[in-house]
Amino acid sequence: MADLELTKHHGLGNDFLVAFDTQVDDLAALARRLCDRRRGIGADGLLIGASESGYAARMVLYNSDGSRAEMSGNGIRCFAQALARRRGDTDAQQILTDAGDRLVTLYTTKDLDVLDAGVDMGEVTVLAQPSGWHLVGSDPMRPVRHLGVGNPHAVVLVDDVAVVDLLTLGEMVPNINLEVVEAGPEATAITMRVHERGAGITQACGTGACAAAWAASSWGLVDEQVPEITVHMDGGDAKVRLHDPMKGHCTLVGPAVFVGSITVHI
């Protein structure tokens with residue numbers, strides 16, 4: 001039996017456990033055990049950090065169901081905060097993920113347990129309609145965008161996100177992240193709820209916020225000249241800057257909150 005040192009963080013209620021240089025062989029099983037909210041510590045995902053030449057670190061993400069995901073916008077902010085605490089600085093971090101490298105810029109706040117972070121989320125791409133999408137039964141006239149932000153998303157425009165049976169719809173298409181979006185309430189904002197692949201309904205989703213903001217701009221919900229869109233989610237608000245730091249990319253800005261340190265026996 002050995003001890004595993006973890007820290008817990010959240011980004012707008014989307015919570016993660018972070019461990020570095022773990023020697024555990026079955027990380028999927030470890031994620032299922034630790035992320036269980038009744039029999040474990042509880043989290044939406046487990047982030048594993050390792051040394052990587054030319055990078056601040058490599059980040060690997062396991063969802064709470066043990067599946068491996070390419071990228072998480074909230075997760076990488078939490079990972080960067082954990083890495084900053086480990087390194088003792090808040091310098092910018094180039095982090096390697098399964099979706100490629102991502103640059104994270106950190107900003108201190110008045111609260112020592114809270115950092116704000118901006119992440120170049122890479123290029124937003126158009127995806128083909130995923131298999132099984134017909135099961136959702138979306139009205140053909142309803143605006144839908146299938147977009148990649150390092151991972152797959154289906155963004156659907158609705159009149160009221162609060163009345164959508166998101167759990168049922170999300171379970172119909174378990175291999176994608178499903179976002180339902182409505183306009184406003186501000187002219188430069190949208191409201192979003194999300195069912196995440198491998199985690200279910202979560203309080204917030206960073207890649208999903210980027211996909212939703214991109215879709216909203218393309219639909220004209222927010223004027224295309226607006227440089228930054230506020231995305232309201234159940235766990236709080238994120239900012240998405242379109243075509244930043246270059247055309248075709250987007251930057252996600254939001255907080256990372258340190259919750260605590262945990263030692264588990266494995």
Checking side chain to side chain contact (heavy atoms under 4.5 Å, CB included) for the pair Met192/Val180: CA distance, chi angles, key distance, verdict?
CA-CA 6 Å; Met192 180 192 102; Val180 291; over 6 Å; no

Sub-4.5 Å side-chain heavy-atom contact between Asp237 and Val231:
no

Would a distance-only check, ignoring hydrogens and angles, find a side-chain to backbone donor-acceptor pair under 3.5 Å from Thr109 to Val114?
yes

Ser261 side chain to Glu5 main-chain N or O, any donor-acceptor pair under 3.5 Å?
no

Got a donor-acceptor contact below 3.5 angstrom from the Gln81 side chain to the Asp113 backbone?
yes

If you measure from CG on Asp25 to OG1 on Thr22, what distance do you get to the nearest 0.5 Å?
9.0 Å

Supply the atom-to-atom distance Leu12 CG to His232 NE2, rounded to the nearest 0.5 angstrom.
12.0 Å

Check: Thr251 side chain, Asp244 main-chain N or O, donor-acceptor pair, under 3.5 Å:
yes

Shared hydrophobic cluster for Leu4 and Tyr62 (ILVMFWY, side-chain gaps under 4.5 Å)
yes

Atom pair CD1/CG of Ile48 and Leu27 - distance to nearest 0.5 Å
5.0 Å

Under a 4.0 Å N-O cut-off, is there an ion pair linking Arg58 with Asp98?
yes

Does a side-chain heavy-atom distance below 4.5 Å link Val104 with Ile95?
yes

Separation between OH (Tyr55) and CG (Leu83), nearest 0.5 Å, reads 14.5 Å

Check whether any side-chain N or O of Glu123 sits under 3.5 Å from a backbone N or O of His249 as a donor-acceptor pair, and report yes or no.
no

Could you tell me whether the side chain of Asn63 and the main chain of Asp65 form a donor-acceptor pair under 3.5 Å?
no

Once ring-ring contact (aromatic ring centres under 6.0 Å, His included) is applied, what residue pairs with a partner in residues 71-96 remain, sequence neighbours excluded?
Phe20-Phe79

Could you check Leu6 against Leu46 for side chain to side chain contact (heavy atoms under 4.5 Å, CB included), going step by step and ending with a plain yes or no?
CA-CA 10 Å; Leu6 300 155; Leu46 172 66; 4.2 Å; yes

side-chain hydrogen bond (donor to acceptor under 3.5 Å, both in side chains) contacts in which one or both residues fall within residues 201-211, not counting sequence neighbours:
Asn151-Thr207, His153-Thr207, Glu196-Thr202

Same cluster for Val194 and Trp133 if Ile/Leu/Val/Met/Phe/Trp/Tyr side chains link at under 4.5 Å?
no

Examine the side chains of Arg145 and Ser218 and answer whether a donor and an acceptor come within less than 3.5 Å of each other.
yes

ILVMFWY cluster, Leu127 and Ile176 together (side-chain gap under 4.5 Å)
no

Could you give the distance from CZ (Arg102) to CD (Gln94), rounded to the nearest 0.5 Å?
10.0 Å

Checking side chain to side chain contact (heavy atoms under 4.5 Å, CB included) for the pair Val240/Glu228: CA distance, chi angles, key distance, verdict?
CA-CA 5 Å; Val240 178; Glu228 183 177 275; over 6 Å; no

On a heavy-atom basis, which atom in Asp21 and which in Ser51 lie closest, and how many Å separate them?
OD1-N, 3.9 Å

When rounded to the nearest 0.5 Å, the distance separating CG of Asn175 from CG of Asn177 is 10.0 Å

Should the pair Asp44-Arg37 be classified as a salt bridge under the 4.0 Å nitrogen-to-oxygen rule?
yes

Between Arg193 and Asp234 (side chain of the first, backbone of the second, donor and acceptor by atom type, cut-off under 3.5 Å), is there such a pair?
no

Inter- and intrachain pairs under ring-ring contact (aromatic ring centres under 6.0 Å, His included), touching residues 171-229, at least two apart:
Trp214-His243

Sub-3.5 Å donor-acceptor pair from the side chain of Arg77 to the main-chain atoms of Gly118, do we have one?
no

Under 3.5 Å: donor-acceptor pair, side chain of Glu224, backbone of Val222:
no

I'd like to know if Asp89 pairs up with Arg87 as an ion pair, taking the criterion as any Lys NZ or Arg NE/NH1/NH2 lying under 4.0 Å from an Asp or Glu carboxylate oxygen.
yes

Between His9 and Phe16, does the ring centroid distance fall short of 6.0 Å?
no

Leu169 side chain reached by Leu167 side chain, heavy atoms, under 4.5 Å
no

Atom CD of Gln129: over 12 foreign heavy atoms under 6.0 Å:
yes

